[in-house]
Each structure stands twice: as structure tokens, then as C-alpha cells.
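None of these values were measured; they are calculated from a predicted model. Each chain gets a letter, A, B and so on, in the order its sequence line appears, and its residues count up from 1.
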Amino acid sequence: ITSFNTMVSAYAQHGRIDDARRMFEALPERDMVSWNGMLTAYAQNNRLVEAAEMFLREMPKHDMVSGNILLAAYGQAGRVDDAKRVFDGMMEHNLVAWNGVLIAYAENARIEDAKLVFDAMPDSDIVSWNVMLGLYAQAGHLEESESLFGVMRQRNIVSWTSMVSGYAQNRQLQQARGLFLQMPQWNVVTCTAMLLAYARDGHLDEAKLVFDGMPERDQAAWNALLEAYAEARHLDDAKDLFDRMPERN
RNA sequence: AUUCUCAGCCGGCG
């Protein structure tokens, strides 16, 4: 059964829902992992109707993971109120469920509601804090994110990157730079955020330096620099970069 | 890696 479940998720990850479903149908018996795996297959491939249908009508029972899957799916689709309804219908809530509603509000820029949830949560972890921090930063409430960042018990690379990215979005290049240089580690995501901060401010040379110093480069990193060149009409640089891209899209 | 939550670019869909 574990092998079947593995196959269901594997298909789902590649967007092959119908194959996932066939595998699911072929299961001699189904446990919660099978059901939740199939539910995830729908949820993560934007098949909300099927997901809801499965959750409400097909599943013999739900556990906390099932609710969390549907909740997150509604949140990502911008259907915050449906997400909240799922949350309210759950028998019990673990931290993932709480973070799930929090994220649903955050993704849809419902600052007040997010804050209410954040304050009401029985426990919070670094994910909860990062979500609030990121929400404030994206909304341009940098003072709020700075103060959260300042009082957090721990910070991870996501916390740092959210701040850098918030500064970048709000055109605070020097703040972004200062924080970037203080970071304990960098990864490709952090560097792309910083690259973009430079680029948005017209510092293409600095953006290029960040790019060259990156530990590894993924498609997003290449695209970011390419876009920056294109935007600034550095077409020769853009062309050179384009020709050096390992994979084009 | 059998199922759920957080950060970066572009595009698609609504």
C-alpha cells in the first residue's frame, strides 16, 4: 500500500492527475495517506471542485491533514472565506492548520484578519512569524516587519529573505543591502531577491556581481537578471546572457 | 523523499 501511495503522489507532483486517480482506484485498500494523497493531487493542480467533492462526499473520514490540504487549497485560490469555513469545521487544529488560515489571509492581503489569527493562535512557530513578517513587508509596513524581525526568537533564511525582499519592493536599497550583508547564509532565493533590489534601483553592475557570486543559479535567477537587462535596454548584455543560459524558456 | 503550512524572477489560468 505504501508503494501505491508513493505512486499516487509521484503522479500528482507531475500534474498527472488522471494517472494518479487510476493508481488510487487500483488500490486494494486505502488508508488516510492514500486519501490525503489523492486529495493533494487535486488541490495542488487547481482542481478545487474535485478536491471539495472528494473531501465532502467520497472520503470515509478526515484527519487533520485532510482539512489542512483543503484549507490551503482554498487559500491559494483566493477563497479565503471558504478556507476559514474548512478551518471552522475541523474538529481540532494543529499548528499547521493555524498557519494555514494565517497564510490564507496573508496571501490575500487581509492584514487585520491575519493579525487577529496570529494573536489568537495558541502556539506559533517560525512559519507563523515569517508569514506575518512577510505580509507586513509586502504591504509596505516596514516598521511592523522590522519590529517582528527584531523580537523573533529565531530567524531562518526565510525570515531574512522576506525582509530583504520587502525592502526591495519598497525601494529601500540600502536597507536591503545592509541586511543582505549581515545574513548568516545565502542561497539562490536570497541572492535573486537582492539582485532584483539592485536592478530595480538601476544598479545593474551590482546586480551582475550578485549573480556571479551566487552559489548556484536556477531559472528564476537567470530570468531576473535577463529581465533587468531588458528593462534597462541593455540589449547586448541581455543577448549575451541569453546565449549563456543553460535552459531557455 | 508515501499525505498538510512560510521567502526570490517570468509566464499561464481565474
Side-chain angles (χ1 to χ4, degrees), chain A residues 1-13 20 23-24 27 30-48 51 59 62-73 75-79 83 86-87 90 93-104 106-107 121 124-135 137-138 145 155-166 168-169 176 180 183 186-197 199-200 207 210-211 214 217-228 230-231 248-249:
Chain A
I1 185 160
T2 302
S3 345
F4 277 90
N5 289 344
T6 305
M7 287 304 297
V8 171
S9 319
Y11 279 130
Q13 305 242 320
M23 192 57 67
F24 177 79
L27 275 164
R30 295 164 190 161
D31 59 11
M32 283 313 293
V33 175
S34 328
W35 284 102
N36 289 336
M38 194 60 225
L39 189 61
T40 302
Y42 288 131
Q44 300 196 338
N45 291 280
N46 287 316
R47 309 281 281 264
L48 271 187
M59 292 180 70
H62 304 144
D63 61 11
M64 244 181 310
V65 174
S66 329
N68 292 342
I69 294 166
L70 194 64
L71 161 54
Q76 276 162 5
R79 294 172 55 174
V86 174
F87 179 83
M90 291 169 66
H93 301 124
N94 61 8
L95 193 45
V96 174
W98 280 99
N99 285 339
V101 249
L102 184 64
I103 292 157
E107 283 171 341
M121 293 173 74
S124 57
D125 64 2
I126 194 164
V127 172
S128 334
W129 284 78
N130 286 342
V131 171
M132 286 307 289
L133 180 110
L135 173 59
Q138 298 301 323
S145 36
R155 304 167 187 81
N156 61 13
I157 197 161
V158 176
S159 333
W160 287 87
T161 307
S162 300
M163 287 303 299
V164 169
S165 163
Q169 294 226 337
F180 181 74
M183 289 183 66
W186 298 281
N187 65 13
V188 58
V189 176
T190 322
C191 292
T192 305
M194 191 60 226
L195 187 164
L196 205 74
R200 276 210 254 264
V210 173
F211 183 81
M214 287 173 69
R217 294 169 197 96
D218 62 7
Q219 195 63 50
W222 285 91
N223 286 344
L225 187 58
L226 190 64
E227 280 289 320
E231 179 85 13
R248 297 176 195 156
N249 65 9

**Report entry** Whole angstrom value for the distance that separates C1' of U3(B) from CE of Met64(A)
**Finding:** 13 Å
Listing time: all N or O pairs from protein to nucleotides 12-14 of chain B that are below 3.5 Å?
none

Report task. Determine the contact category for Val188(A): base if any of its heavy atoms lies under 4.0 Å from a base atom, sugar-phosphate if only primed atoms, P, OP1 or OP2 are that close, otherwise nothing. Result -> base
Query - Contacts of Ala221(A) that satisfy side chain to side chain contact (heavy atoms under 4.5 Å, CB included) - sequence neighbours left out - result: Val188(A), Thr192(A), Phe211(A), Met214(A), Arg217(A), Asp218(A)
Query raised in the report: Checking all strands, does Asp125(A) fall into the base, sugar-phosphate, or nothing category for heavy-atom contacts under 4.0 angstrom?
Result: nothing
Query - Atom pair distance, as rounded to whole Å: CH2 in Trp186(A) and C1' in G8(B) - result: 16 Å
Query raised in the report: When we call it a touch if two heavy atoms are under 4.0 Å apart, what does Asn94(A) touch: a base, just sugar-phosphate, or nothing?
Result: nothing
Report task. Provide, to the nearest angstrom, the distance between the CH2 atom belonging to Trp222(A) and the C1' atom belonging to G8(B). Result -> 17 Å
Query raised in the report: What's the closest nucleotide to the Glu227(A) side chain, out of C9(B), U3(B), A7(B)?
Result: C9(B)
Report task. Go through the structure and list residues passing ring pair (Phe, Tyr, Trp, His ring centres under 6.0 Å) with His62(A), not counting sequence neighbours. Result -> Phe55(A)
**Report entry** Atom pair CH2/CD1 of Trp186(A) and Ile157(A) - distance to nearest 0.5 Å
**Finding:** 10.0 Å
Query - Closest nucleotide among U3(B), A1(B), A7(B) to the Val65(A) side chain - result: U3(B)
**Report entry** Nucleotide G8(B), atom P - distance to CG of Asn130(A) in whole Å
**Finding:** 12 Å
Report task. Have a look at Ala193(A) and say if it touches a base, only the backbone sugar-phosphate, or nothing, with a 4.0 Å heavy-atom cut-off. Result -> sugar-phosphate
Requested in this report: Check side chain to side chain contact (heavy atoms under 4.5 Å, CB included) between Asp31(A) and all other residues, then give those that pass, not counting sequence neighbours.
Outcome: Ile1(A), Asn5(A), Val33(A), Ser34(A)
Query raised in the report: Of all the choices, C4(B), U3(B), C6(B), which nucleotide is nearest to the side chain of Val131(A) once you look at every atom?
Result: C6(B)
Requested in this report: Look at the side chain of Ala221(A) and decide which nucleotide, out of C4(B), G8(B), U2(B), has an atom nearest to it.
Outcome: G8(B)
Query - Nucleotide nearest Asn36(A) (side chain, heavy atoms from C-beta), chosen from U3(B), C4(B), A7(B) - result: U3(B)
Report task. Please find out if less than 6.0 Å separates the ring center of Trp160(A) from that of Phe180(A). Result -> no
Query raised in the report: Which sits closer to the 5' end of RNA chain B, Ala220(A) or Ile69(A), going by the nucleotide each is nearest to?
Result: Ile69(A)
Query raised in the report: Can you find an N or O donor on one side and an acceptor on the other, under 3.5 Å apart, linking the side chain of Asp218(A) with the base of G8(B)?
Result: yes
Query raised in the report: Within the structure shown, what part of the strands sits under 4.0 Å from Glu107(A) by heavy-atom distance: base, sugar-phosphate, or nothing?
Result: nothing
**Report entry** Separation between CG of Asn187(A) and OG1 of Thr161(A), rounded to the nearest 0.5 Å
**Finding:** 5.5 Å
Query raised in the report: Please give, in whole Å, the distance from A7(B) C1' to Leu196(A) CG?
Result: 13 Å
**Report entry** Interatomic distance where OH belongs to Tyr42(A) and P belongs to C4(B) [whole Å]
**Finding:** 17 Å
Query - Whole-Å gap separating C1' (C4(B)) and CG (Asp31(A)) - result: 15 Å
Query raised in the report: Hey, does Thr192(A) reach any base, or is it just sugar-phosphate, or nothing, if we go heavy atoms under 4.0 Å?
Result: base
Query raised in the report: Can you list the residues that meet the side chain to side chain contact (heavy atoms under 4.5 Å, CB included) rule with Thr40(A), with sequence neighbours excluded?
Result: Gln44(A), Ile69(A)
Report task. Return the nearest nucleotide to the side chain of Asn223(A); candidates are C4(B), A1(B), C9(B). Result -> C9(B)
Report summary line: Sequence neighbours excluded, the answer for side chain to side chain contact (heavy atoms under 4.5 Å, CB included) partners of Met121(A) is Leu95(A), Trp98(A), Asn99(A), Leu102(A), Val117(A), Phe118(A), Ser124(A), Ser128(A)
Report task. Return the value, rounded to whole Å, for the distance between atom CE of Met7(A) and atom P of U3(B). Result -> 14 Å
